[in-house]
There are 2 protein chains.
Amino acid sequence: MSSSSAAHDVSFLRLTSLPMLLEREIESMILDGRLSIGGRINENQLAATFGVSRGPVREALRSLEALGLVELLPNRGVFIRSLDIAQVVEMYGVRAALFGYAAQLLAGRMEAGVVAPLRAMLDEMAEAARAHDFDRYYPLNFAFHDFIVEQAGNGVLTAQYRGLVKQLRLYRAGNLMTGNTLELSNEEHARIVAAIEQGDPLAAYQTSFDHVERGKERLLARSVSLAHAEERRA
Amino acid sequence: MSSSSAAHDVSFLRLTSLPMLLEREIESMILDGRLSIGGRINENQLAATFGVSRGPVREALRSLEALGLVELLPNRGVFIRSLDIAQVVEMYGVRAALFGYAAQLLAGRMEAGVVAPLRAMLDEMAEAARAHDFDRYYPLNFAFHDFIVEQAGNGVLTAQYRGLVKQLRLYRAGNLMTGNTLELSNEEHARIVAAIEQGDPLAAYQTSFDHVERGKERLLARSVSLAHAEERRA
DNA sequence: CGACATTAAATTGTTGACACTTTACACTCG
DNA sequence: CGAGTGTAAAGTGTCAACAATTTAATGTCG
């Protein structure tokens, strides 16, 4: 047994700091829309809001830059990152690969008590889909994906996936599904669960990958029609 | 056409800053081994080395934390991140998924002038493998993987993949292959190129994924034998 | 001699001030 | 009246000093 692998770690004591706190707070301000996308962040103003000096604020912003939530232009300022459709498409691709890998892992290491919750979510989503109730469907859909990633048991994967999903929230056009797309989407979910349940990693990868890719295409189609509407208006 | 999409962007002017510069420099200090893994970074000392104050250094370290190269413990200091074998295994898994996705993309959008360089690298690696010349094989191997990822044409994917590879350099035990593993590794490369050339995305994914996974297993086997050697010594 | 409390040194955390750059605005000139 | 120039304000970049915390060292008591 290695001596460096301590049995009990006591680093919980004071495991937060002002910059970390500010980072979380600014992050939620961005994701909640309290800071408008593309807009500039005023360090003085932000520091004044929190009643602290600019130092910790600047440190927090550096972290947020690395997380892909803001952009730092030297001598210009910090801007809330705005994603164009091309970047969103790329992100969806990577998200598809990561989610596919999660399902692949899960199919390979099936344990009891994993399929049951998935089936339960599936049923609930089916109900919401039948009612065309997007507001009910959306959080279930999110939980379904996150559950699969989480249960895959790879912490690095979970972190990367969630980081990507977080960044995708910067794109405020595609969070909507309409009509019977909900039911189509949930049919894909069912295929994913089936592949996992049967312990078929490759099928789990493919169905999961395709599911996210279809989501991308739905988003893209919607985005194109939005752009056309924009054109007509001009 | 949107008015915000400028035809020519002049943001190159002053596109760097002191914290960014320090970030790059500290990063290379870590990756070159000039800062020992697990060790603590002294802000005063580091700032003095560069002839700057602690502010910019702290900002650079915040970025490096988000990149996964250092760890920040409040009131304790900044430590060069040290990876245990479990984390390395997880990272290899995600790397396999990302690399697999890259090959999958490349197989789907085959353009001229992609296979030729791959085949050239393949031949060079074969030669190096026959000669058991690891020092020659290693950079070729790296270039081979990076080329596939790059040519996949997804910038987000490239960034994530390279970030992960960078973090993996923190683990200083597994960069060695011995004996005929070089030839085995290159046979896997050949299968990857074949799948890409035939335009078979799924096969490209699988062969590429498996290739990295095999690398992980080789690393793991070596790591176990090292641990045993360690035990015997104790 | 070892465990514990106490004190001093070292290090991180935060701040306010100052220098520099960018941006906005008013002014001048064609 | 519009393009261009110069100036003032606003904002970012950097620093050095101070506060708070942790770590190391010293001394004390059982």
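The structure presented is a predicted model; accordingly, all values stated were derived computationally and were not measured. Below, all heavy atoms of this structure are taken into account, side chains as well, without hydrogens, waters or symmetry copies.
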query: Distance check: side-chain N/O of B:Arg76 vs OP1/OP2 of D:dT23, anything under 4.0 Å?
result: yes
field: Separation between CG of A:Leu182 and OH of A:Tyr138, rounded to the nearest 0.5 Å
entry: 12.5 Å
field: Whole-Å gap separating C1' (D:dG11) and CD (A:Gln45)
entry: 11 Å
- line: Between CZ of A:Arg58 and P of C:dT14 the distance, given in whole Å, is 16 Å
query: Between D:dG11 and A:Asn44, is there an OP1 or OP2 to side-chain N/O distance shorter than 4.0 Å?
result: no
message: Please report the distance, rounded to the nearest Å, between CE in A:Met20 and C1' in C:dT14.
response: 15 Å
query: Do the side-chain N or O atoms of B:Arg40 get closer than 4.0 angstrom to the phosphate oxygens (OP1, OP2) of C:dT11?
result: no
task: Grab the CG-C1' distance between B:Leu72 and C:dG13 for me, whole Å please.
output: 12 Å
- request: Please say whether the positively charged group of B:Arg95, taken as NZ for Lys or CZ for Arg, lies over the ring of B:Phe99, i.e. under 6.0 angstrom from the six-membered ring centre and within 45 degrees of the axis.
  value: no
- request: Identify which nucleotide among C:dT15, D:dC15, C:dT11 has an atom closest to any side-chain atom of B:Asn42, counting heavy atoms from C-beta outward.
  value: C:dT11
task: Scan B:Ile41 against the nucleic acid and name what it touches under 4.0 Å (heavy atoms): base, sugar-phosphate only, or nothing.
output: sugar-phosphate
message: Output the rounded distance in Å from CZ (A:Phe79) to C1' (C:dT23).
response: 11 Å
- request: Find the distance A:Glu43:CD to D:dT14:C1' and express it as a whole number of Å.
  value: 12 Å
statement: Distance col, row B:Arg162:CZ vs B:Leu98:CG, nearest 0.5 angstrom, shows 13.0 Å
task: Tell me what B:Val52 touches on the nucleic acid: a base, only sugar-phosphate, or nothing, going by heavy atoms under 4.0 Å.
output: sugar-phosphate
- request: May I have the distance from B:Leu21 (atom CG) to D:dG13 (atom C1'), rounded to whole angstrom?
  value: 14 Å
Pair B:Arg34 + B:Glu25, salt bridge at N-O below 4.0 Å: yes
query: Looking across every strand, which nucleic acid part, if any, lies under 4.0 Å from B:Gly55 by heavy atom: base, sugar-phosphate, or nothing?
result: nothing
message: Could you tell me if B:Ser185 and B:Tyr137 have a donor-acceptor pair between their side chains, going purely by distance under 3.5 Å?
response: yes
message: Strictly below 4.0 Å: does B:Asn75 bring a side-chain N or O up to OP1 or OP2 of D:dT23?
response: no
- prompt: Among D:dT14, C:dT15, D:dT12, which is the nearest nucleotide to the side chain of B:Ser53?
  reply: D:dT14
- request: Could you check how far CG of B:Leu15 sits from P of C:dT21, rounded to whole Å?
  value: 17 Å
- prompt: Checking only heavy atoms, does the side chain of A:Arg54 share a donor-acceptor pair with the base of D:dG11 at less than 3.5 Å?
  reply: no
